[in-house]
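Report on the following structure.
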Amino acid sequence: MPDIYIARSSAIAARILAGEMMIMNSADSTFFTLNEVATAIWQAADGRTPLSQIVREHICGQYDVEAGQAQADAEQFVADLSHHGILLVSDRPFAPQASA
Amino acid sequence: MSLMIEAGQKAFDLGVPIAVHLDVTYRCNERCVHCYLDHDDHGEMTTAEIKSVLDQLADAGVFFLTLSGGEVFMRRDFFEILEHARRLLFVVKIKTNGVMIGAAEAERLRALNVDTIQISLYSHRPEVHDAITKLPHSFERTVKAIRFLRDHGLRVTIANVLMTANLADQSGAQKLAADLGVHYTLDPTITPMMDGDLSVLALRIPGEELEDVFRNPALVPNQEEFCAPPKPPSDADLEGYSCSAGHSFCYISPYGDVFPCVQFPLPTGNVRRQNFLDIWNGSPQMREVRSIQARDLTTCSSCSHVSTCTRCPGLAYMEGNMRGPSTADCEKSFYRTGVPTANMLQQGLSRPRTTAPLVQIRLAAASA
C-alpha cells in the first residue's frame, strides 16, 4: 500500500486528559477519547510525516508490537477518524496550513 | 455512562480544570433589570493578557471554554481572542445577547467552529423583552441574530431567565425557540448585584410558581423521576460532592480574578499576578472548596434531599457559609417533591422562605 499522510482537522477541539486525548467534532458535537497509542498517532499527525514513519517511530519504538500488526491497526484507526472528519488523509504531504 | 460524562468525572476525580468560564468584559449594550454586573470598565484584561491566560488554560488541561460577559462583542478584539482560543483547540461556547451579530459575524463564528452560541431572550413579545433589556428594538435584533446563526449551521440555545417580569411569557418564549429551530433553557436564579444591592431579588418569582414550572411536562419531561420523593442517601452520596465548582470548573473575571464559579464570589487569586495553575492547585480557598464532602455540610448532611438536591455552594456562600444550606435550592427541592428540607424543619417552616438573605461580594475591588 502506498504511504499516506495524515493531518488533524481544524474543525475539531482536542485536549489530553490523564494521557488520553479527548476530541470533539464541532460539526455534530460527537465526542471521542483516544487511548494512549491512538493519542501518539494523533499527536504525530502533522500532515508531513508518512503514516509508516509515525508507526515506526511512535508505536513500534515505544510499544511491544509487531510492525505489520501496528501498521494495520494504525490504518484502521486512521480510516475510522477520517470517516468522522477529524483526521484528513492524503497520498501526498499536506501544505503546512492544512494541519491544525 | 456516556464518554463525555466519564471524562467529566475523571477530571473531577483528578482535580483537572476541564471547564472554565471566562468573562472577557462586563461592559454591555443592554441594561437588563435583573443583571448583577457593574458595567463600567475598571481595567479589564488586555488582548495580550487574555491570550496569555488562554495559553495557561490550555496547558492546565481546560477543554470546555465559555466566553461571556457583559456582552462579548463590546470588545473590538473579540474575534482575535476567539481565533486564539480555537487555535488552542478549546471547545468554545459563547454567551451573548446577539444584538451585534449580523450575517458577517455569523459566518466568522461558523468558520471558527464555535460549538454553541447561547443567546439571552426573555419573551416572545418584543415589548416585554425590550422592557427587560432596556434597549429599544433589542428583541428584533436578537431574533435576527438567532436566524443568522441558525442559517449558518451554528448550534444556538435561547437562555431565558425567569422572573416576575416575564413569568407569564415562559411558554411563548419556549414556542418561539421551537419555531426558530433552536434549543431552549430556563433559569429562575436571580443573584444580588455586585455592589451589594439586593433590590434585584424582588424580581425572583414566588416559590409557589416554581411548583408550576417543575410540574410542566413541556419543561420537565421525566416528571415521575424528577418530582419523586428523595431516597435515603448512601455512604457514597455522603462521601461525594455533586458540584464541579473548584473541582473541575472555575470562573475568571475580566479583571483576572479567579473564583470557583461565576456564582461563587470567593476570591482565590488573580491571573495578572499569579500563574493560573498555581491558583488552581495552591490557593487555600480552592483547596477548602475541594475538601468539602456532603457529610461535612451543616444542616444539609442530615437532609433527606442531600443526594438529589441542586444545592449551590456559591449561593450558600452568599448566605454566609459555603457549608450551609442554599435557601434557593431548599425552595427548589421542596417545590419539586413536596418534602420539606432539613433547613426548613430546623427553622420551623412548613413552606420555604421566599427571599434568601444573599450578599454579593464586589469582585473588582479584590484586584484593584
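Quick note on labels: first sequence line is chain A, next is B, and so on, each numbered from 1.
B:Arg75 places a side-chain N or O within 3.5 Å of a backbone atom of B:Val24 that can act as its donor or acceptor partner.
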Check the pair B:Tyr251 / B:Asp257 against side chain to side chain donor-acceptor pair (under 3.5 Å), numbers first and verdict last. CA-CA 8 Å; B:Tyr251 165 67; B:Asp257 296 306; over 6 Å; no
Applying side chain to side chain donor-acceptor pair (under 3.5 Å), run through B:Gln274 and B:Asn270 and close with a yes or a no.
-> CA-CA 6 Å; B:Gln274 299 154 276; B:Asn270 186 290; over 6 Å; no
Decide yes or no on salt bridge (charged side-chain N to carboxylate O under 4.0 Å, His left out) for B:Lys51 and B:Asp55, but give the supporting numbers first.
CA-CA 6 Å; B:Lys51 284 183 176 177; B:Asp55 292 342; over 6 Å; no
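Using a 4.5 Å cut-off between heavy atoms, B:Ala58 touches chain A through backbone and side chain atoms alike. With a 4.5 Å cut-off on non-hydrogen atoms, B:Val62 touches chain A through its backbone but not through its side chain. The contact between B:Val91 and chain A is made by backbone and side chain atoms together, counting heavy-atom distances below 4.5 Å. Of the atoms belonging to B:Leu112, not a single heavy atom falls under 4.5 Å from chain A. Proximity to chain A (any heavy atom under 4.5 Å) is shown, for B:Arg87, by neither the backbone nor the side chain.
Checking B:Thr47 against B:Glu80 by side-chain atom types alone, no donor-acceptor pair falls below 3.5 Å.
Within residues 13-28 of chain A, the residues having any heavy atom under 4.5 Å from a heavy atom of chain B are, by residue number, A:Ala13, A:Ala14, A:Arg15, A:Leu17, A:Ala18, A:Glu20, A:Met22, A:Ile23, A:Met24, A:Ser26, A:Ala27, A:Asp28.
Counting heavy-atom pairs under 4.5 Å between each of B:Val114, B:Asp115, B:Thr116 and chain A puts B:Asp115 at the top.
Classified by interplanar angle (parallel below 30°, tilted 30° to 60°, perpendicular above 60°), the ring pair B:Phe63/A:Phe31 is tilted.
Taking the centre and axis of the six-membered ring of A:Phe94, the NZ or CZ atom of A:Arg48 falls outside the cone set by 45° and 6.0 Å.
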